Number of protein chains: 2
Amino acid sequence: MSSPCAQHQHVHRLIQQPLTELTEKLRRGARKVTAPRQAILDVLRKHASPLTNKEIHAALGKEDCDLATIYRNMHTLELLGLVRRYDFGDGAARFELSAEEGSSHHHHLVCTRCRLIVEVDECFPEEFQSAIASRHGFTQVQHRLEFTGWCPKCQSR
Amino acid sequence: MSSPCAQHQHVHRLIQQPLTELTEKLRRGARKVTAPRQAILDVLRKHASPLTNKEIHAALGKEDCDLATIYRNMHTLELLGLVRRYDFGDGAARFELSAEEGSSHHHHLVCTRCRLIVEVDECFPEEFQSAIASRHGFTQVQHRLEFTGWCPKCQSR
DNA sequence: TTGTTATCTGCAAATCAATTGCAATTGTAA
DNA sequence: TTACAATTGCAATTGATTTGCAGATAACAA
């Protein structure tokens, strides 16, 4: 789990880019710290709501990269636990930095008319989840909780 | 909204097919009771887990209809509240009869390795949901709660 | 620095779920 | 039985996501 040769790696990193938890995780997973990956994570850091791959692509400025590269990287970043994937039911996956990377664990309230997304802190009780998991013999259980409705502006429609 | 001429309609229905809540709702929504719709609902009645459109299509026997017809009908049936749509994150929507149509309100625990689906009765507390809705000024708020993990058989993988 | 190598990237083509246009068919109400 | 809107089959299309492949590039050791 920890770096095998911290001193040597540290020197190396200082030369190339600032040491962050991000690069730490990438390297631990034998992944390269590439320009597209840093650019994608930068975009996510600057946005409060989860973004689609297309939105991420549009938000990349001079650090532009191929859309396919973004798709591939979102899988990688999700696998390494750097981003969290959401599906709000409109056909496009959305991503935001995972809890360990800035934002805290939370869920979303989505307006089904205008797609406004609001963060919600309420969460499904952990003890209930454990009970469900053990009752069915499941491990590695996580949950996904999403709220949908009409936001104030869309109610008169 | 209510039947304009209940007596006449009743006779009519008895001749064509048994009066059910299904046909009742279809007619209330000015929808026709067609063979594909009855066949789709029959398939859903016979299955415990939510099915994809493709699975429904495959399960239709002699009552086969075009896949596009199924897609169109799932929208209609969802709109009328006859079926409930789920998204377990593997790219294909799934459907099951809604609470009023046999099954009770519940959520799912899905194995991310073999796609085993188990029903879960635990639910997000109603009072919390109301609080969230009013705090953000939303109305028509519903929630989607899904659990994912590894089922007993897939844990050794 | 330099070389080696596995990982990445861009580009184009391919998938796959879901949607849509249109002409023919069918359920409903009168 | 008639009239008409709703529905269907079929083919073509859309839009998100994936994949094959050849040419870069980051990581690491010499």
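What you see below is based on every heavy atom in this structure, not just the backbone, and it leaves out hydrogens, waters and symmetry mates. The shown structure was predicted, so the numbers you read here are calculated from the model rather than taken from an experiment.
Side-chain atoms of H57(A) and D66(A) include no donor-acceptor pair closer than 3.5 Å. Remark: the E96(A) side chain and the H106(A) side chain contain an N/O donor-acceptor pair separated by less than 3.5 Å.
Side-chain atoms of Q129(A) do not come within 3.5 Å of backbone N or O of F124(A) as any donor-acceptor pair. When atom types are taken as modelled, the side chain of Q155(B) and the backbone of W150(B) share a donor-acceptor pair closer than 3.5 angstrom. Between the T148(B) side chain and the V110(B) main chain, no donor and acceptor come within less than 3.5 Å of each other.
Rounded to whole Å, atom P of dA17(C) lies 17 Å from atom CZ of F88(B). Taking atom CE on M74(A) and atom P on dC8(C), their separation rounds to 15 Å, with Å as the unit. Between the NE2 atom of H75(B) and the C1' atom of dA17(C) there is a distance of 11 Å, given to the nearest Å. Between R94(A) atom CZ and dT17(D) atom P there is a gap of 10 Å when expressed in whole angstrom units. Between I40(B) atom CD1 and dT8(D) atom P there is a gap of 8 Å when expressed in whole angstrom units. Here dG10(C) presents its P atom at 8 Å from CG of D64(A), a figure rounded to the nearest Å. Atom NZ of K54(A) and atom C1' of dG15(D) are 7 Å apart (whole Å). dT17(D) atom P lies 14 Å from atom CG of D66(A), rounded to whole Å.
The phosphate of dG15(D) has neither OP1 nor OP2 within less than 4.0 Å of any side-chain N or O from N53(A). Taking side-chain N and O atoms only, T69(A) has no distance below 4.0 Å to OP1 or OP2 of dC8(C).
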Pairs: protein N or O with nucleotides 21-24 of chain C N or O, under 3.5 Å:
| residue | atom | partner | partner atom | Å |
| --- | --- | --- | --- | --- |
| dG21(C) | O6 | R72(B) | NH1 | 3.2 |

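Which of dT17(D), dA18(C), dG10(C) sits closest to the side chain of L67(A) comes down to dT17(D). Closest contact between the side chain of Y71(B) and the listed nucleotides dA27(D), dT28(C), dT19(C) involves dT19(C).
A residue-by-residue look at A35(A) and G91(B) shows that A35(A) has its nearest nucleotide of DNA chain C further toward the 5' end.
Under the side chain to side chain donor-acceptor pair (under 3.5 Å) rule, H107(B) has a single partner from E119(B), H143(B), E122(B), which is H143(B).
Side-chain to base pairing of K32(B) with dT7(D): no donor and acceptor N or O lie closer than 3.5 Å to each other.
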Side-chain atoms of residues 73-80 of chain A: list all donor-acceptor pairs with protein atoms under 3.5 Å, sequence neighbours left out, distances to 0.1 Å.
| residue | atom | partner | partner atom | Å |
| --- | --- | --- | --- | --- |
| N73(A) | OD1 | R37(A) | NE | 2.7 |
| N73(A) | OD1 | R37(A) | NH2 | 3.3 |
| N73(A) | ND2 | T69(A) | O | 3.2 |
| H75(A) | NE2 | R85(A) | NH2 | 3.4 |
| T76(A) | OG1 | R72(A) | O | 3.2 |
| E78(A) | OE1 | R85(A) | NE | 3.1 |
| E78(A) | OE1 | R85(A) | NH2 | 3.1 |
| E78(A) | OE2 | R85(A) | NE | 3.3 |

